[in-house]
Each structure stands twice: as C-alpha cells, then as structure tokens.
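Before any comments, here is the structure.
The model shown is predicted, which means the values in this text are computed figures rather than measured ones. Any value given below was found using the heavy atoms of this structure, including those in side chains, with hydrogens, waters and symmetry copies removed. When a ligand or atom number is given, it counts from 1 through the structure's own listing order. For reference, positions follow the sequence shown, starting with 1.
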Amino acid sequence: MSGGAAVLCGLGTWLPPHAVTNDDLARELDTSDEWIRSRTGIGVRHVADPATATSDLAVEAGRRALKSAGCEAVDAVLLATTTPDHPCPATAPLVADRLGLGTVAAFDVGAVCTGFLYALAAGAGLIAAGTASRVLVIGADMYSSILDPADRSTRAIFGDGAGAVVLRAGYADEPGVLTAPVLGSDGSGSELIIVRAGGSREPLHSLTRGQGDPYFRMQGQSVFRNAVERMAEASLTAARRAGWSAGEIDRLVAHQANLRILHAVADRMRLPRQRCPVHLDQVGNTAAASVPLALAHAVTSGCLEPGHRTVLTAFGGGLTWGACAVRWPAITPA
Ligand code: COA
C-alpha cells in the first residue's frame, strides 16, 4: 500500500421496515401532522424493533455498500455512531466480523450527526497514510434507543437507519475523489445536544440510585442557528478547496435535520434551494446515517448524477461540523 487519494466507489443503505407516521405519533403525544410537517418537513421516520441493535443496521448497509463497490475485502471498517451496541467495546469490530472481513482495523467514530463526515475524513486519512487501500465507512444510528418516549420535540425528528460507502485508493483527478475534508468543533456548546448518563460524569449506576438522565436532550433553537451557520461556512470552505465558487456547486447534500435548516443553509450560500436534495420527509433525522441515506436517495431519484460538483455537509452534537467536496462518480447504490 502506497497511499493516495480516497475515491468513493460504493454506496449502500438500510432502513428498518417499520415506518412511523406523524399521525401515529399524534396518537401517543400532544403533536400533529400539521405541526411536524410545517416546523420540520418530516412526514415519516423508520423505527427498529427492540430486538435490533445498531450493529444489525450497520451490517445490512455495509453489506450493500460492498456489493455496490463490487468488493469483498477492505483493510478497515469505520463506524460513525452515537448509539453503539454497548458503551464498551466499540461496535465496528463486531460489524467487521459479521461481514466476514477478517481481522481488519475497526473503530467507532463519535461525532454525533457529523460522525459520517468525520469517519469519511478518517478513512481518507488511512488511505493517504498507506495504512489501508480500501475502507468501509458506515454511519448507523438507532436514536429510538435513546429518545425520551414522552419528548415530542425529539420523537418527531429522529429516525433509525444506516448508510455506508466504500473508499479506495486512487488518483487525485478521478471522479469520486474526496477533496480535503473540512472539520470543526466547539465544545463550549456541548450542553446543546447531550445524553447525560452513561459516561464517566454520570455513570450508568447513578440511574439505579434514581439519579441521572439516560435520554437524548436537545436545545432545538440554538442547535438550529448553529447548524445553519456552521454547515454554510464549512460547505463554502469545502467548495473553495475543490476550486469551485459557491454558484458552481451542483448539489449540496446536507445532513437531513430539518427542511427549514436545509433552506436556510442554501439561502445563506445563495444557492438555489432545488440544489439541496431532500430525504428527511421520508426518514426524519437519521443522525450519522443521514448523509449516505440522502446520497443514495438523490442518486436513485435522479437528482444526483455522475459529474455533479457535490458538497456533503453535516452538523451535530459536540458541537461538531464538517464538509467535503466530491465530483460525483458513477455509482449504483445497493
Ligand atoms: N409538536 C407540537 N409542538 C411541539 C413539538 C411537536 N412535535 N415539539 C416542540 N413543540 C412545542 C414546544 O414544546 C414549544 O411549546 P411551548 O411554547 O408551549 O413551550 C413550541 O413547540 C415551540 O418550541 P420551539 O423549540 O421554539 O420550536 P421550534 O420552532 O424551534 O421547533 C424544533 C422545534 C426542534 C423542530 C427546531 O428547533 C429544530 O428543528 N431544531 C433543530 C433540531 C435539529 O435539527 N437537531 C439535530 C441537529 S444535528
């Protein structure tokens, strides 16, 4: 292995079959289809059954990405997730094993909804260093396992799912090459998106003493503002690194958090809104799975075509954000 550029060469996705509509939620919570659609753009989300774990979703998406890439072996598996099967160990080695990939390097990447972008950057880094010539990068999350059943503001937004890509070593002028990813963080905002219990600050055993909060909490309005600013700024930087002006971006495939966020990012970048593919109406916010799921949907719906100057971007807890430019290659999602 001698290093090189990282080229996207496969894309696979998986959604648990059970779909929950806004009307389904309204039967349980004080909410309505009208409120959720008008405030978020979301119509349906998929929810895994309680016997399922994140690794199950990741394995399905990973298998499909390998099939899409036409390859059976990789040198590393990176899994972006906030909902690992267990706090310890990481879930990626289990996924690699279940995919029959042998004793390859495997680790989890924790950057909440930006996890997939961070994992892409880490995968490209392994290729550039010559450590790997093929990397399976998966984003998989099962937020249904961390949402407060009584919290209408998070239950309306999040859904479960997984998406994966294969990166291979290639040449800098090929379609599908990832251009120097842009990554950032601001830990002063760590309280805006948080699961308090289950780590060293509030160990799980605090829950058995009746203390601690095991659920995902989000300060929606602050998150909204930060998401718009950071994704727009990172996307413009990523485009510049690829040598494109903002107006030359054909597709901005952004983390599917909220339709109003997607529109605000496009407006801030002075990009026609139609250049931002929308998938959240059908799946909600699937966290680390959101960008690869949106990519696959954009390709299969004919919205994203080979040759398109494409920017991927995401924002999430941490706070974290990222963006990456890629001239879209000829890939058939599986
Ligand atoms: N149905 C009905 N009412 C709801 C609701 C729901 N599903 N969710 C929240 N509300 C209520 C709130 O309780 C609040 O009621 P109150 O005024 O009586 O307290 C009211 O709506 C307004 O809440 P607010 O938070 O100001 O609404 P909003 O317009 O900001 O929308 C979000 C809330 C969560 C949809 C929005 O802030 C958002 O999308 N933020 C970004 C979230 C995100 O993308 N996170 C992931 C980023 S990685």
Side-chain angles (χ1 to χ4, degrees), residues 20-45 47 80-83 109-118 139-144 146-161 163 183-187 189-195 215-232 234-235 253-266 268 276 278-281 283-294 312-323:
V20 175
T21 65
N22 295 341
D23 286 332
D24 291 335
L25 282 182
R27 277 189 277 279
E28 259 186 74
L29 297 163
D30 182 13
T31 188
S32 65
D33 180 57
E34 198 283 326
W35 194 98
I36 299 172
R37 273 186 203 278
S38 62
R39 305 307 294 166
T40 71
I42 296 166
V44 186
R45 72 286 298 142
V47 176
T81 189
T82 308
T83 53
V109 175
V112 197
C113 294
T114 319
F116 184 75
L117 265 292
Y118 267 71
D141 264 314
M142 233 184 92
Y143 267 47
S144 59
I146 55 172
L147 297 183
D148 178 351
D151 184 350
R152 61 184 176 175
S153 68
T154 53
R155 292 244 350 250
I157 292 177
F158 291 95
D160 301 336
L183 301 175
S185 77
D186 177 5
S190 64
E191 296 276 324
L192 297 182
I193 290 176
I194 193 163
V195 179
Y215 293 123
F216 177 93
R217 303 295 177 196
M218 178 178 72
Q219 294 177 34
Q221 287 195 5
S222 302
V223 169
F224 192 111
R225 273 194 304 279
N226 275 284
V228 172
E229 279 170 31
R230 297 304 189 178
M231 284 200 284
S235 298
V253 181
H255 172 47
Q256 304 282 303
N258 180 317
L259 187 60
R260 292 187 296 139
I261 292 180
L262 296 186
H263 287 166
V265 171
R268 205 177 169 95
C276 286
V278 175
H279 188 218
L280 53 78
D281 53 327
V283 295
N285 178 343
T286 53
S290 162
V291 168
L293 277 167
L312 320 180
T313 187
F315 174 87
L319 302 172
T320 54
W321 55 89

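- Residues Asp141 and Thr81 have side chains that bring a donor and an acceptor to within less than 3.5 angstrom of each other.
- A donor-acceptor distance shorter than 3.5 angstrom exists from the side chain of Thr114 to the backbone of Thr320, with no hydrogens or angles considered.
- Residue-level contacts of ligand 1 at the 4.0 Å heavy-atom threshold are Asp30, Thr31, Trp35, Arg39, Thr40, Cys113, Arg152, Ser153, Ala156, Ile157, Met218, Gly220, Gln221, Val223, Phe224, His255, Ala257, Asn258, Arg260, Ile261, Asn285, Phe315, Gly316.
- Listed by chain and residue number, Val253, Gln256, His279 satisfy the side-chain contact (heavy atoms from CB on, under 4.5 Å) test with Ala294 (two or more places apart in sequence, or in another chain).
- In this view, Glu28 and Arg155 satisfy the side-chain hydrogen bond (donor to acceptor under 3.5 Å, both in side chains) rule, not counting sequence neighbours.
- In this structure Arg217 satisfies the side-chain contact (heavy atoms from CB on, under 4.5 Å) test together with Asp148, Asp151, Ile194, Asp213, Tyr215, sequence neighbours excluded.
- Atom CH2 of residue Trp35 and atom OG1 of residue Thr40 lie 7.0 Å apart, to the nearest 0.5 angstrom.
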